[in-house]
Amino acid sequence: GMRRGLVGAQARLAGDKKSRMRAPCTALGAPSLIFLHGISTISFQTWLSQFKQLKDYALPNSSWSQGMMDLYSKFLEMCKDGTWKRIPSYNRTVDHIPGKAGSNEKEQKKTRLFLRSMDAEGVGFEYAMFFNPSEKRMVCLFQPGPYLEGPPGFAHGGSTAAIIDSTVGSCALVVAGRAMTANLSINYRSPIPLGSVVLVDSKVDQVEERKVFLSCEVRSIDGQTLHAEATGKDLAAGFHR
Ligand SMILES: CCCCC/C=C\C/C=C\C/C=C\C/C=C\CCCC(=O)SCCNC(=O)CCNC(=O)[C@H](O)C(C)(C)COP(=O)(O)OP(=O)(O)OC[C@H]1O[C@@H](n2cnc3c(N)ncnc32)[C@H](O)[C@@H]1OP(=O)(O)O
């Protein structure tokens, strides 16, 4: 069982020099340190899984159009001087929370982050987010796939709301820590063709205690078409729960 495995692994790692060299040492420090202190904070399973590569869905794949690739490369370029940071994207919310990545394996099978819940590439939400710390701005490059249809050939209003909610929500999360969307109001100005690429551009306008006020615009890559505009009100975790 878990306990015996744990003790066995602990002994093996702590005792046997060779395996200590083999186990991956990272910023977390040598495994023995983890076992000295780690046992009380994270389980062996979680410790191990942090080394197991979580699949980052915000990396280019063959379903991305040239437009999506070009926009991605443009933002990647702007990450070089630190102005922008690429936000990794996993298929479970907890995997984004430092220290919780890969936790409770068996639960892992049950829940999926909504926008990462379709198995095939390109059919649903293809997106990648970049954050600009000095502007408190989160942008999301979004390419809606054919399974997000609302009006024939165009994105469903709920899929647009979902990508806006996730971009605004992630912006509030990064700026204010754990946050929930309390209010999201969207004006739909021009339908988004399926397969096109749009930029969801959100920023924090104001923070008042726990309230985070954000605004967001969804535009075509050339900036010429305003598809939607939104305001969001997120509540940073109330801590009274
Ligand atoms: C940890 C950092 C990790 C770093 C992460 C890095 C990258 C992030 C990337 C990916 C993360 C992955 C996934 C996350 C991405 C997307 C998630 C998107 C966000 C969502 O999809 S999230 C789900 C939908 N969301 C809900 O499911 C919320 C249901 N709801 C509630 O849970 C409560 O309703 C709550 C908590 C909102 C408030 O409840 P509460 O008890 O905390 O606050 P309370 O009621 O006391 O109100 C305090 C003051 O806010 C005002 N206020 C309250 N509600 C208002 C409203 N609706 N409109 C206008 N004003 C409102 C009051 O009027 C009062 O104002 P005043 O003080 O002036 O009277």
Side-chain angles (χ1 to χ4, degrees), residues 55-80 83-91 93 96 112-132 135-174 181 184-205 214-232:
K55 178 173 164 49
D56 183 344
Y57 289 82
L59 293 171
N61 66 55
S62 57
S63 75
W64 287 21
S65 66
Q66 193 54 50
M68 183 74 169
M69 284 304 299
D70 294 347
L71 194 57
Y72 180 80
S73 309
K74 182 184 139 201
F75 274 96
L76 213 50
E77 189 63 30
M78 295 192 291
C79 291
K80 284 192 178 139
T83 314
W84 289 89
K85 299 184 180 327
R86 191 186 72 85
I87 302 286
S89 176
Y90 309 111
N91 67 1
T93 302
H96 300 84
R112 280 276 186 96
L113 184 60
F114 173 44
L115 273 61
R116 298 293 183 197
S117 60
M118 292 192 198
D119 287 325
E121 286 177 350
V123 294
F125 295 86
E126 285 298 338
Y127 67 97
M129 291 193 199
F130 292 85
F131 184 66
N132 180 322
E135 294 178 19
K136 292 193 173 68
R137 188 171 157 211
M138 181 75 81
V139 299
C140 178
L141 291 49
F142 173 45
Q143 176 187 293
Y147 290 4
L148 301 186
E149 188 172 63
F154 294 98
H156 187 291
S159 72
T160 306
I163 198 70
I164 292 174
D165 184 26
S166 297
T167 306
V168 162
S170 299
C171 190
L173 269 168
V174 174
T181 303
L184 185 64
S185 108
I186 301 171
N187 286 315
Y188 294 91
R189 301 286 187 209
S190 168
I192 302 172
L194 291 176
S196 72
V197 180
V198 294
L199 189 69
V200 183
D201 192 342
S202 75
K203 64 181 172 57
V204 169
D205 293 320
L214 304 105
S215 52
C216 179
E217 285 194 348
V218 182
R219 285 186 180 277
S220 54
I221 302 180
D222 62 10
Q224 295 312 307
T225 309
L226 175 66
H227 289 289
E229 60 192 350
T231 54

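With respect to the salt-bridge test (charged N to carboxylate O, under 4.0 angstrom), the residues Arg137 and Asp201 qualify. Lys203 has no carboxylate O lying under 4.0 Å from a charged side-chain N of Glu135, or vice versa, which leaves the two without a salt bridge.
Of the listed residues (Ile87, Val218, Ile163, Val168), just one forms a side-chain contact (heavy atoms from CB on, under 4.5 Å) with Cys140, and that residue is Ile163.
Side-chain polar atoms of Asn91 and Tyr57 form a donor-acceptor pair below 3.5 angstrom. Between the side chains of Arg116 and Ser89, at least one donor N or O sits under 3.5 Å from an acceptor N or O. A side-chain donor from one of Ser65 and Gln143 sits under 3.5 Å from a side-chain acceptor of the other.
Residues Met78 and Asn132 have side chains not in contact (no heavy-atom distance under 4.5 Å, counting atoms from C-beta outward). Contact of the Ile192 side chain with the Ser196 side chain is registered, since non-hydrogen atoms from C-beta on lie closer than 4.5 Å. The side-chain heavy atoms of Leu71 and Val197, taken from C-beta on, include a pair separated by under 4.5 Å. Ser159 places a side-chain heavy atom less than 4.5 Å from the side chain of Phe125. Considering only heavy atoms from C-beta on, Ser202 stays 4.5 Å or farther from Ile164 through its side chain. Contact of the Met138 side chain with the Val174 side chain is registered, since non-hydrogen atoms from C-beta on lie closer than 4.5 Å.
With a 6.0 Å radius and a threshold of 12 heavy atoms from other residues, nucleotides or ligands, Lys74 has its NZ atom at or below the threshold.
Atom CG of residue Leu199 and atom CD of residue Glu217 lie 10.0 Å apart, to the nearest 0.5 angstrom.
Taking every heavy atom of both residues into account, Tyr72 and Arg86 meet most closely at OH-CD, 3.3 Å. Closest heavy-atom contact between Ala128 and Trp64: CB-CH2, 4.1 Å. Taking every heavy atom of both residues into account, Met69 and Pro60 meet most closely at SD-CB, 3.5 Å. Taking both residues in full, the closest heavy atoms of Asn61 and Ser63 are given as OD1-OG, 2.5 Å, listed atom of the first, atom of the second, then distance.
At distances below 3.5 Å, not a single donor-acceptor pair connects side-chain atoms of Asn187 with backbone N or O atoms of Ala228. Not a single donor-acceptor pair under 3.5 Å links the side chain of Glu77 to the backbone N or O of Ser73. Between the side chain of Tyr188 and the backbone N or O of Gly157 there is at least one donor-acceptor pair closer than 3.5 Å. With Ser220 contributing its side chain and Thr225 its backbone, the two residues share a donor-acceptor pair below 3.5 Å. The backbone N or O of Pro191 sits less than 3.5 Å from a side-chain atom of His227, completing a donor-acceptor pair.
Asp119 meets the salt bridge (charged side-chain N to carboxylate O under 4.0 Å, His left out) test with Arg112; sequence neighbours excluded.
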- Intermediate values then yes/no, side-chain contact (heavy atoms from CB on, under 4.5 Å), Leu194 and Tyr147: CA-CA 9 Å; Leu194 291 176; Tyr147 290 4; over 6 Å; no

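For Phe75 and Phe130, the gap between ring centers is short of 6.0 Å.
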